[in-house]
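Reading through the structure tokens given below for one structure.
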Amino acid sequence: MTRFQAAEWKLLTDLIQDRFGLTFDGVRCEILESRLEPRLRELHLGSLSDYYRFLRFHPEGDAELGRLTPLITNNETYFFREAHHFDILVRRIVPDLRSALRTRPLRILSAACSSGEEPYSIVIALQNGGLELAGVRWEIDACDLNPERVAQARRGLYDAGSLRACDGEARRRYFRESGGRFELRERYRTGVRFFEANLLAPNGSFGWGSYDAIFCRNMLIYFGEEAFDGVIGLFARSLAPGGYLLLGHSESLLDRATELLPVSFGTGVVYRKRLSD
Ligand SMILES: C[S@@+](CC[C@H](N)C(=O)[O-])C[C@H]1O[C@@H](n2cnc3c(N)ncnc32)[C@H](O)[C@@H]1O
């Protein structure tokens with residue numbers, strides 16, 4: 001149940017969808033309402049329509065939209081989530097690139113990386129796969145909409161929940177425990193660059209036509225159709241020829257018109273850009 005009118009919700013959620021791609025249905029609106037109430041009180045605004053007008057027309061409206069991002073995003077993530085993808089990267093994608101990687105780094109984008117568990121899991125997988133010893137260098141761009149999560153990613157400090165898929169041995173090897181929290185060891189941070197980005201309005205931080213692999217997992221499930229297709233178009237442009245896109249288990253391109261082609265590696269389907277036009 002929500003105390004606001006359906007029409008007010010529509011104004012606000014249409015604006016959010018337009019700017020950030022995210023959609024809100026009944027339950028998600030109730031969660032959003034409880035998160036928004038304190039902010040409305042702070043701004044002395046009595047209704048969602050007032051808040052909508054503030055976002056649209058107040059001189060501080062754009063800054064307020066930025067403040068909204070921690071409230072509208074679900075940032076759930078953990079180390080080695082959907083672990084088969086890290087295996088596909090190390091065992092299937094990288095070996096095909098071996099001769100190119102003698103002269104250039106492996107380039108990866110972790111899009112919607114939340115607090116960094118995903119890009120750091122990639123580094124750990126590459127280290128464990130012996131790539132560093134083999135002289136392969138990598139550059140991992142990692143971005144998210146929520147600035148609080150990006151700041152946490154840079155700190156590399158985690159609660160036990162983020163390590164739920166790590167056994168005791170993995171905890172000891174990859175983290176330094178202190179006061180019930182876990183700090184990622186320095187060697188597993190190599191080559192990762194974090195930045196804030198809205199995938200619906202990408203700025204100059206992305207590489208164009210340059211990524212060998214893009215991980216974008218568990219974000220598109222919250223996106224409307226138009227935003228979904230727009231972001232897939234962005235990824236298609238950002239991938240190098242022959243580059244791969246890895247989506248979360250509930251996300252699929254199989255019923256969409258896209259230039260990315262499905263490839264099955266046994267443990268899962270990923271998508272690939274053609275090697276040449
Ligand atoms: C559920 S988390 C997924 C984290 C990680 N990829 C994983 O699979 O564990 C979804 C992330 O998408 C981010 N996100 C949502 N909309 C976004 C947008 N328009 N641009 C960039 N990131 C966005 C959220 O801030 C959130 O951290």
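In each ligand, atom 1 is the first atom listed, and ligand 1 is the first ligand listed.
- Cation-pi geometry between R28 and F24 is satisfied (NZ or CZ under 6.0 Å from the ring centre, within 45° of the ring normal).
- Taking all heavy atoms of N74, T77, L220 into account, the minimum distance to atom 2 (S) of ligand 1 is reached by N74.
- T23 and Q17 form no side-chain donor-acceptor contact under 3.5 Å, judged by distance and modelled atom types alone.
- Considering backbone and side-chain N/O of Y78, none are found under 3.5 Å from N/O of ligand 1.
- Each of the following atoms of ligand 1 lies closer than 4.0 Å to a heavy atom of A197: 20 (N), 21 (C).
- Below 30°, between 30° and 60°, or above 60°: for Y120 and F79 the angle between ring planes is below 30°, a parallel geometry.
- Screening residues 229-250 for side-chain hydrogen bond (donor to acceptor under 3.5 Å, both in side chains), with sequence neighbours left out, gives E82-H249, D229-R256, Y244-R272.
- Side-chain N or O atoms of E8 include one that pairs as donor or acceptor with a backbone N or O of Q5 at under 3.5 Å.
- When only interatomic distances are considered, the shortest N/O to N/O separation between L199 and ligand 1 falls below 3.5 Å.
- Atom 12 (O) of ligand 1 has A112 CB, 3.3 Å as its closest protein atom, hydrogens excluded (heavy atom only).
- Here is the list of ligand 1 atoms found below 4.0 Å of a heavy atom in S114: 4 (C), 27 (O).
- Counting atoms of ligand 1 from 1 in the listed order, those under 4.0 Å from a heavy atom of R217 are 3 (C), 5 (C), 6 (N), 7 (C), 8 (O).
- Below 4.0 Å from some heavy atom of F20 lie the following atoms of ligand 1, by number and element: 19 (N).
- The shortest heavy-atom distance from E118 to ligand 1 is under 4.0 Å.
- Side-chain atoms of N128 and Y174 include a donor-acceptor pair closer than 3.5 Å.
- Among pairs with a residue in residues 238-248, none fulfils salt bridge (charged side-chain N to carboxylate O under 4.0 Å, His left out), at least two apart in sequence or across chains.
- The option from L145, I72, L22 that lies nearest to atom 22 (N) of ligand 1, judged by heavy atoms, is L145.
- Judged by the 6.0 Å and 45° rule, R171 forms a cation-pi pair with F182.
- The ligand atoms of ligand 1 that sit less than 4.0 angstrom from a heavy atom of F223 are 16 (N), 19 (N).
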